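If you're wondering where the values come from, they're calculated on a predicted model, not measured in any experiment. The sequence lines fix the lettering, A, B, ..., with proteins before strands; numbering per chain opens at 1.
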Number of protein chains: 2
Amino acid sequence: MAAGTKGEDTRSTVLGSALSLATQLGLEGVTIGKLAEHVGMSKSGLFAHFASKENLQLAILDEAAARFVALVVAPALKKPRGEPRVRALVDNWLAWSKQDFMPGGCIFVVAGVELDDRPGPARDRLVASQKDWLSTLAGAARIAVEEKHFRKDLDTEQLAHEMYSIAIGYHFLRRIGDPARAERRARTAFERLWTDARAT
Amino acid sequence: MAAGTKGEDTRSTVLGSALSLATQLGLEGVTIGKLAEHVGMSKSGLFAHFASKENLQLAILDEAAARFVALVVAPALKKPRGEPRVRALVDNWLAWSKQDFMPGGCIFVVAGVELDDRPGPARDRLVASQKDWLSTLAGAARIAVEEKHFRKDLDTEQLAHEMYSIAIGYHFLRRIGDPARAERRARTAFERLWTDARAT
DNA sequence: TGACTTTACGCACGATCGTTCTATTTTAGG
DNA sequence: CCTAAAATAGAACGATCGTGCGTAAAGTCA
């Protein structure tokens with residue numbers, strides 16, 4: 001646990017709990033009362049750290065984005081350019097939605113459904129992060145084209161769109177049926193995607 | 001508007017509003033007070049129709065399932081067996097999530113994210129409806145194999161999984177970026193899927 | 001039309017919501 | 001150690017939540 005002043009530490013702890021709760025109850029479902037009870041603080045003591053519920057929600061999204069970069073994007077950037085890096089991104093991505101600190105599944109999916117028709121800073125931040133992620137995926141694919149791992153006329157944005165779809169489908173279907181089977185199907189879908197991307 | 005007793009009529013009207021609200025605010029976000037104000041009734045008068053909030057949520061899901069069958073499944077069953085029917089299912093499906101009575105997008109996506117970690121009758125009903133839909137998709141694909149439109153060794157359940165993923169991805173991505181572009185990408189993805197299903 | 005059932009309303013309840021105050025405790029630095 | 005600052009707690013607010021109860025209005029059918 002990263003050390004800092006007392007306030008920073010508790011804020012960080014609270015955000016961890018808040019993130020977990022948000023995946024199960026949604027951003028709106030994370031009430032100050034429930035969160036306070038969950039971390040063993042008073043409502044007002046906890047509230048002082050965020051000044052408003054909207055700020056709390058923004059902080060949750062920022063925390064999630066930071067963890068996503070640390071757990072999914074950054075490690076993949078250490079892999080060789082091209083298809084290996086694309087595969088690493090996807091591997092880390094599939095592992096991401098199974099993280100212990102997100103018992104309700106990927107926070108971005110939960111927040112996406114909740115915020116998509118609720119204009120405001122929270123929605124703006126979420127949309128920005130997802131656009132960013134999509135362009136990261138497309139960028140990795142473009143590099144794979146440069147490295148001649150993928151064919152020259154590949155529509156990298158279309159590929160990013162389809163990878164995004166498979167991942168979101170995985171997130172849903174693993175909760176409807178057998179999770180292991182859903183993961184196998186998702187991986188099969190990715191392989192078919194990449195096979196097609198390689199073909200001349 | 002289907003006529004019936006007074007009670008049935010208002011109940012039906014209320015359910016329509018409730019369904020719309022649920023797509024924007026989630027099932028939990030449809031409070032008795034907001035819904036009553038929305039249809040111009042008193043809280044208690046409206047509440048009498050459903051006896052509990054959980055019953056209201058179940059009624060919303062049933063209403064949605066009935067409309068889904070009427071708007072997506074039934075019309076497609078009139079199309080010729082095989083690939084035409086598969087395509088009709090997908091066409092209707094894409095139109096479904098743009099219906100005016102669902103301003104917040106497909107209710108099943110919203111409810112899915114909300115209920116997936118909340119055991120109970122509502123979740124059970126939703127999971128059942130989605131499994132049902134998946135097997136309808138797989139069944140249509142299997143018929144297409146029988147009709148020799150799709151290749152004999154096609155994994156129809158895998159195909160259903162991937163179609164489901166593309167549709168859910170479309171639902172998300174149309175709200176992040178340009179909806180028309182998202183639809184074009186989704187349709188491209190479907191075509192690639194079917195091209196692969198046809199190939200020997 | 002009269003009798004009866006269905007439907008809707010008004011009111012109240014305890015609980016919880018987000019938020020604001022003030023007071024108290026705990027931490028950090030000279 | 002002492003003190004200024006930071007962190008937490010307690011209590012209260014108006015609002016809204018889901019849900020009952022008793023009553024008035026509206027619909028239904030002989």
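- You'll find the side chain of B:Asn55 stays beyond 4.5 Å of the side chain of B:His49, heavy atoms only.
- Looking at A:Lys79 and A:Arg87, their side chains never come closer than 4.5 Å, going by heavy atoms from C-beta outward.
- Contact of the A:Tyr170 side chain with the A:Trp93 side chain is not registered, since no non-hydrogen atoms from C-beta on lie closer than 4.5 Å.
- Following chains of ILVMFWY side-chain contacts shorter than 4.5 Å, one cannot reach A:Ile32 starting from A:Leu58, and the two form parts of different hydrophobic clusters.
- The phosphate of C:dT6 (OP1 or OP2) has no side-chain N or O of B:His49 nearer than 4.0 angstrom.
- When the P atom of C:dG18 is taken as reference, atom CG of A:Leu27 falls 13 Å away, rounded to whole Å.
- Taking the six-membered ring where tryptophan is involved, the planes of A:Phe172 and B:Phe172 are perpendicular, since the angle between them exceeds 60° and thus also 30°.
- Near DNA chain D, meaning a heavy atom under 4.0 Å away, the residues from residues 35-48 of chain B are B:Lys43, B:Ser44, B:Phe47.
- When the P atom of D:dG20 is taken as reference, atom CD1 of B:Ile32 falls 11 Å away, rounded to whole Å.
- When the side-chain nitrogen and oxygen atoms of B:Thr10 are compared with OP1 and OP2 of C:dT7, none of them lie within a distance under 4.0 Å.
- Residues A:Phe150 and A:Ile143 are not in side-chain contact: their nearest non-hydrogen atoms beyond the backbone lie 4.5 Å or more apart.
- Contact annotation: A:Thr5 does not reach the phosphate of D:dA6 (side-chain N/O to OP1 or OP2, under 4.0 Å).
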